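The structure appears below as structure tokens.
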Amino acid sequence: QVPLVESGGGLVQAGGSLRLSCAAPGRTLRNYAMGWFRQAPGKEREFVAAISWSSGNTYYADSVKGRFTISRDNAKNTVYLQMSSLKPEDTAVYYCAARVGPSYLSTLADEYDDWGQGTQVTVSS
């Protein structure tokens, strides 16, 4: 399959906003759950947010709840992560991931099937 492709990362000051995009061409996304994970240097990959394409149900890590919003655009075959009120501890490489055929949302990286290459988000003080 065509790989997932993330974009939208960059450098932002604390309190600022960024929107990450994940293009998923060639997939029947109604059969997928999509997730965002992040990984800082020396740390394990951490769950951020997930969305069921068919239902629109979402789930967020406690650390980002109320600040981040995951959404999808069927026409563009794209999932987004809108990040607001960014903090230095949000600094990480952010990865888009896809999971085929679930009826629930998983927070476990091992349960996702495909991954993007990652996009760097750096939040300065």
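Computed from a predicted structure; not experimentally measured. No hydrogens, no waters, no symmetry mates; every other heavy atom, side chains included, goes into these values.
- A cation-pi arrangement is found for R45 relative to W115, the charged atom lying closer than 6.0 Å to the ring centre and inside a 45° cone about the ring normal.
- Between D114 and R99, no side-chain nitrogen of the basic residue sits less than 4.0 Å from a carboxylate oxygen of the acidic one, so the salt-bridge criterion is not met.
- You'll find the side chain of Q117 stays beyond 4.5 Å of the side chain of L4, heavy atoms only.
- Taking 4.5 Å as the limit, every side-chain heavy atom of K76 sits out of range of all side-chain heavy atoms of P25.
- Contact detail for A33 and L105: the closest heavy-atom pair is CB-CD2, 4.0 Å.
- Defined by atom type and a distance below 3.5 Å, a donor-acceptor pair is missing between the side-chain atoms of E89 and T91.
- You'll find the side chain of I70 reaches within 4.5 Å of the side chain of V79, heavy atoms only.
- In this structure, L81 and R19 have side chains that are not in contact, with every pair of non-hydrogen atoms separated by 4.5 Å or more.
- Residues Y94 and V12 share a single hydrophobic cluster, defined by chaining ILVMFWY side chains whose heavy atoms lie under 4.5 Å apart.
- You'll find the side chain of D113 stays beyond 4.5 Å of the side chain of Y32, heavy atoms only.
- Looking only at side-chain heavy atoms (C-beta outward), Y112 and D110 stay at 4.5 Å or farther from each other.
- Not a single donor-acceptor pair under 3.5 Å links the side chain of T28 to the backbone N or O of R30.
- Salt bridge status for D62 with K65: present, with a side-chain N to carboxylate O gap under 4.0 Å.
- Closest of all the heavy-atom pairs between S17 and S85 is OG-N, 4.4 Å.
- When all heavy atoms are compared, the tightest approach of E6 to Y95 is OE2-CA, 3.2 Å.
- Nearest heavy-atom pair, R72 versus S52, reported as atom, atom and distance to 0.1 Å: NE-O, 3.9 Å.
- A perpendicular orientation is assigned to the rings of F37 and F47, their planes being inclined by more than 60° (bins at 30° and 60°).
- Between F68 and V48 the shortest side-chain heavy-atom distance falls below 4.5 Å.
- Contact between L11 and S124 at its shortest, heavy atoms only, is CD1-CB, 4.3 Å.
- No side-chain donor-acceptor contact under 3.5 Å links N57 to the backbone of I51.
- Remark: side-chain polar atoms of R38 are not paired, donor with acceptor, to backbone N or O of A92 under 3.5 angstrom.
- Between Y80 and L20 there is no side-chain heavy-atom pair separated by less than 4.5 Å.
- When all heavy atoms are compared, the tightest approach of E46 to S63 is OE2-OG, 3.8 Å.
- Judged purely by distance below 3.5 Å, without hydrogens or angles, the side chains of Q82 and T69 never pair a donor atom with an acceptor atom.
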Legend entry - Worked verdict on C22 versus T78 for side chain to side chain contact (heavy atoms under 4.5 Å, CB included): CA-CA 5 Å; C22 175; T78 299; 5.5 Å; no
